[in-house]
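Reading through the C-alpha cells given below for one structure.
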Amino acid sequence: MSIYLDNAATTCVCPEAAEAAVNAMRTVYGNPSSGHAAGREAKHLLDASRETVTAALGCTAREVYFTSCGTESDNWALVRGAEKASHVGRHIISSAAEHEAVLKPLEYLAAHGFEVTLLKPRADGAIAPEDVAAALRADTCLVSLMMVNNETGAVTDIAAVAAALKAVGSKALLHTDAVQGFLHVPFAAAKLGADLISVSGHKIHAPKGVGALYIRQGVRLNPYLMGGGQESGLRSGTEAMPQIAAFAAAVKAAQGSAEADRGRVARLRQAAAERLCAENPDIVIIGGGAPHILCFSLPGYRSEVIMNVLESKGIFVSKGSACKKGRRSHVLEAMGLPARVIDGAVRVSLSRFTTESEMDALCSAVSEARRTVRAALR
Ligand code: PLP
C-alpha cells in the first residue's frame, strides 16, 4: 500500500465526486443549452453545482464562472483584468513566489506594455501587506498575490492587502490565486475584498480539468474564451458537466466537516514537524501557515535522493513544485534561502484523508533516509 502525501500536486477523486461525474456522463448527459427535457435537466444540475461552489466561496451565483482549471482562471484574471483596468495605468504588482500560471501571463503582459513589480516574500514565505502598500502607485491597475503558496504553505493575508489598497483609494483590481487556499484556509469571497479569485477542483478531491473564477459583481471582465456564449457570455464552450458536477460534489463532501478536518490536518502537520525536528537536528522547516503543506529541508541531502528513498518505501512526496521539474525552485530562491537548503527541500502535502499512521511512517522514513544517506556519504 502506498502513502500518498503529494496532495498539493493533486488529490484522489473522492467517491462522491466520482459518482457525480458518472451520473453526468451516463444519466444527466444533456447539453445545458439544449431546449428539451434532457437539456433542462443538465441546466438544473449546472445551476445546482454553481450554487454549491458559490456557497463554499461565500458569494453569489452570478459571481462564479466555471473554467477548465486553475491555470485558466489565473490567465483570465491576469490578462483580462490588466486589460480592463488599464485606464487606471499599466503598473502591476505581484510576487516572485507566484505559480507559473500567474508568472507566465505576467511575462506576456510585460511584453505588451505593462510594467510588473514582483515583490519578494518575507522570511516566512508570505508577502507582507506593508510591502504591497509601499509598492502601490497611482497607475497600479492590478495586484495579484496568491493566498497560499503551493511550495511552502505560506499564507498571505489577502484581506489585509485589500485593506491596504482601500486605505489609499487604489483603483487597482485585486486578484488572488486561491488554488491552494480554497477549503484549506477559511475565507468568504464577499468579505475578503478581492475582485477576482481563482480556484481549482483537483486540489480538493474533484477530477482534473475544472476550476472556477470568482468575479466580483460590478467588475466586468472581457471573456477569455469566445464562442457560444455559455457562462453568461463570459466563458464560452459547452460546460464540462462531469467535471463541474464532480467539483460541486467534492465541495459538498468536504464542507460538512471542513473546520474539523482543517484542525485535524493542521495537528498532523504540526506533530510531524515537531517529530522531524526532534529526530533531525539539522532540519530546516520552510514557510508554513496552511494546514496541509509541510516543507522542510535537510541541507546537504539532495531532495531527489530523500524522495527516492521515501518512494522505495511507497511514500510519495514532492520536491518543490510539481509543475517545474528539474529547475531550482524560484519560490525558495525568492525567499533568499541558501542553495544547500533549496536543494534539500521536500514538500509533504496532506489531505483530509491523511492518517496519523501515514504521517508516522513518513517521519520514520525521513529520519531513516537521512541516516542511510549520511552513512553512504561517509
Ligand atoms: N496556482 C497554484 C497555486 C497551484 O498550486 C496550481 C497547481 O498546482 C495552479 C495554480 C494551477 O492549477 P491547475 O492545475 O488546476 O491548472
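One-based numbering, in listed order, for ligands and for the atoms of each. Starting from 1, each residue takes its place in the sequence as its number.
The atoms of ligand 1 that sit less than 4.0 Å from any heavy atom of D74 are 1 (N), 10 (C). Close contacts between ligand 1 and M146 involve ligand atoms 3 (C) [criterion: under 4.0 Å to a heavy atom]. Shown in contact with T71 at under 4.0 Å from a heavy atom are these atoms of ligand 1, numbered in order with element: 11 (C), 12 (O), 13 (P), 16 (O).
With T156 contributing its side chain and I127 its backbone, the two residues share a donor-acceptor pair below 3.5 Å.
Only the side chain of S200 comes within contact range of ligand 1, with a heavy atom under 4.0 Å; no backbone atom does. Residue-level proximity to ligand 1 for K203 is carried by the side chain, the only part with a heavy atom below 4.0 angstrom. The part of H202 lying near ligand 1 is the side chain, judged by heavy-atom distances below 4.0 Å. When heavy-atom distances to ligand 1 are checked against a 4.0 Å cut-off, V102 has no atom that comes that close, whether in backbone or side chain. The part of D177 lying near ligand 1 is the side chain, judged by heavy-atom distances below 4.0 Å.
Between V179 and ligand 1, not a single N/O pair is under 3.5 Å apart.
More than 12 non-hydrogen atoms from other residues, nucleotides or ligands lie less than 6.0 angstrom from CZ of F353. Annotation for E19: atom CD does not count as buried by contact number, only 12 or fewer foreign heavy atoms lying within 6.0 Å. No more than 12 heavy atoms of other residues, nucleotides or ligands lie within 6.0 Å of CD in E356, so this atom counts as exposed by the packing criterion.
Contact of the D177 side chain with the H99 side chain is registered, since non-hydrogen atoms from C-beta on lie closer than 4.5 Å.
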Do any side-chain atoms of residues 180-191 form donor-acceptor pairs under 3.5 angstrom with protein atoms, and if so which ones, sequence neighbours left out?
residue: Q180; atom: OE1; partner: H292; partner atom: NE2; Å: 3.4
residue: Q180; atom: NE2; partner: A8; partner atom: O; Å: 2.9

Worksheet item: E279 and R371: salt bridge (Lys or Arg N to Asp or Glu O under 4.0 Å), yes or no, with the steps?
Response: CA-CA 10 Å; E279 292 177 10; R371 283 195 300 273; 5.6 Å; no
